[in-house]
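Worksheet: one structure, shown below.
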Amino acid sequence: MQYRAWFSPVDGSPGRWPLHEVIYRAPSGALLEVEHDHQALRARSPAAWMRLFEERYLRTQWPHGSGVWGKKEWVQPHIADENIVSLLEGGTNLFWAERYGHQLGVPDLWIKQCGTSHTGSFKDLGMTVLVSSVKQMIAEGKPIRAVACASTGDTSAALAAYGAAAGIPVIVLLPRAKVSAAQLIQPIANGAIVASLDTDFDGCMRVVQRLTQDSTIYLANSMNSLRVEGQKTISIEIVQQFDWEVPDWVLVPGGNLGNVSAIAKGFDQMLDLGLITKRPRLVCCQAKQANPLYLAYLKAKAAGRPIALEDFEPVVAGPTLASAIQIGNPVSLPKAVAALGRFDGIVEQADEAELANAAARADRTGMFNCPHTGVALACLEKLVAANTITRGDRVVVISTAHGLKFTEFKTRYHQGQLGFSTPHANLPVELGHDPGQVVDALHRVLDERTS
Ligand SMILES: *Cc1c(COP(=O)(O)O)cnc(C)c1O
């Protein structure tokens, strides 16, 4: 069976382009999306797709053991297996947050640990697709000299790793002093050309669009809709992990808004191909310091209608601990607005104290959350308090990065250096070396904690 896919404009304007073409926007200026030949995909029954995905899941046969490439026919069917650049992304833990969920009053709470991956964030899922596509284009003779991105940290780490694995030069543009030490050292270690610019993410985005006007430098930002194809497998994987049942809610932190649209796309594709029969409700979770979508949502809500593009105005994003979503003018806004419409979506926000305390509170139940996941958890806590999300609901929170990439954030939290009160802080007990005194002191601390 020949499965086909192509780029088409999201605004419904005419045109379709092959996926190996270097193109990021339609002539109308609209974003593109990858469209699949669903008629061909329908030739296989829903049950047969489920069986195929199950057979491949986390197995060793190249490249199908990857959570992304196990769904290759739905992602990028035309890529030759020898051009796939995979670091075995996906297949991440769907963690039952039993203790935290009980504390909140939502016992059926699950955290999709997408940050447990090669570069420590869920950006690996999209980057394997983009870099594999570039490798295929180069193999077909396209004159691509390098791949470039603007980044709030995680995109550049993923691009640098996949580029290095493929032997393709990488250029990353980072806003100076706005990414974590771990995020900065990753592309440096992988040998990328790392440009530290005296601006914010939105400024880096403007520069990379200029840089990639030269078609030999390929643009890796999420404006490039190839990445959405990898990110959307999060939804398919979640449903698969629930034995093909759809949760009631999916919460995801949102900055540039490519991911909220990707998650919607994964569910829509399953719905259209008959693997599921309903949609979950989507919640896009923003940091209050970078909340243009939330402001648009409030405006629409006050007017008593669904969110629309006209409600939106860009903002200058303020500094936030959730640095990967410090974005004031999200590129994928039109896709996200459409997705929220289809999924009866909600936009919620969390301030700095709320996101940090939610992350720390959940850490006390066995997690190790990054600040963006903290935003989503804080929004969850608010929606539960408002009785929007209720006790019987099955809820999934997308954890987008590994906490180990954000140790400065955690250190400052526990040292009480964040400028707000940190009730879940936990400091080491400083002791000498005398065994008797140490043991006595530890008994005292244990007694205090358990009394
Ligand atoms: C990229 C990223 C996000 C947000 O995804 P968008 O598509 O930009 O909305 C959230 N969390 C982390 C850790 C990220 O790297």
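Atoms within each ligand, like the ligands themselves, are counted from 1 in listed order.
- Donor-acceptor pairing under 3.5 Å is lacking for the side chains of T152 and K178.
- The closest protein non-hydrogen atom to atom 11 (N) of ligand 1 is T400 OG1, 2.8 Å.
- Considering both main-chain and side-chain atoms, G258 comes within under 3.5 Å of ligand 1 through a nitrogen or oxygen pair.
- With a 6.0 Å cutoff to the six-membered ring centre and a 45° limit on the axis angle, R281 does not count as a cation-pi contact of F343.
- In terms of protein heavy-atom proximity, atom 2 (C) of ligand 1 is closest to K123 NZ, 2.4 Å.
- Side-chain atoms of K405 come within 3.5 Å of backbone atoms of T119 as a donor-acceptor pair (strictly under, hydrogens ignored).
- Residue L257 approaches ligand 1 through these ligand atoms, each under 4.0 Å from one of its heavy atoms: 6 (P), 7 (O), 8 (O), 9 (O).
- Taking every heavy atom of H372 and a limit of under 4.0 angstrom, the matching atoms of ligand 1 come to 11 (N), 13 (C).
- Under the 4.5 Å side-chain criterion, counting only non-hydrogen atoms from C-beta, N329 is not in contact with P292.
- A donor-acceptor contact closer than 3.5 angstrom links the side chains of K112 and Q241.
- Shown in contact with I325 at under 4.0 Å from a heavy atom are these atoms of ligand 1, numbered in order with element: 3 (C), 4 (C), 10 (C).
- Residue A401 approaches ligand 1 through these ligand atoms, each under 4.0 Å from one of its heavy atoms: 13 (C).
- A cation-pi arrangement is present between K410 and F368 under the rule of less than 6.0 angstrom and at most 45 degrees off the ring axis.
- Because its NZ or CZ atom is both nearer than 6.0 Å to the ring centre of F53 and within 45° of the ring axis, K71 counts as a cation-pi partner of that residue.
- With no hydrogens or angles considered, no side-chain donor-acceptor pair links H118 and D124 at under 3.5 Å.
- For ligand 1, one of its N or O atoms has an N or O atom of G255 under 3.5 Å away.
- Checked against a 3.5 angstrom limit, the closest N/O atoms of D154 and ligand 1 fall inside it.
- Distances from ligand 1 to the non-hydrogen atoms of S222 include no value under 4.0 Å.
- Of the protein's heavy atoms, N259 ND2, 3.1 Å lies nearest to atom 5 (O) of ligand 1.
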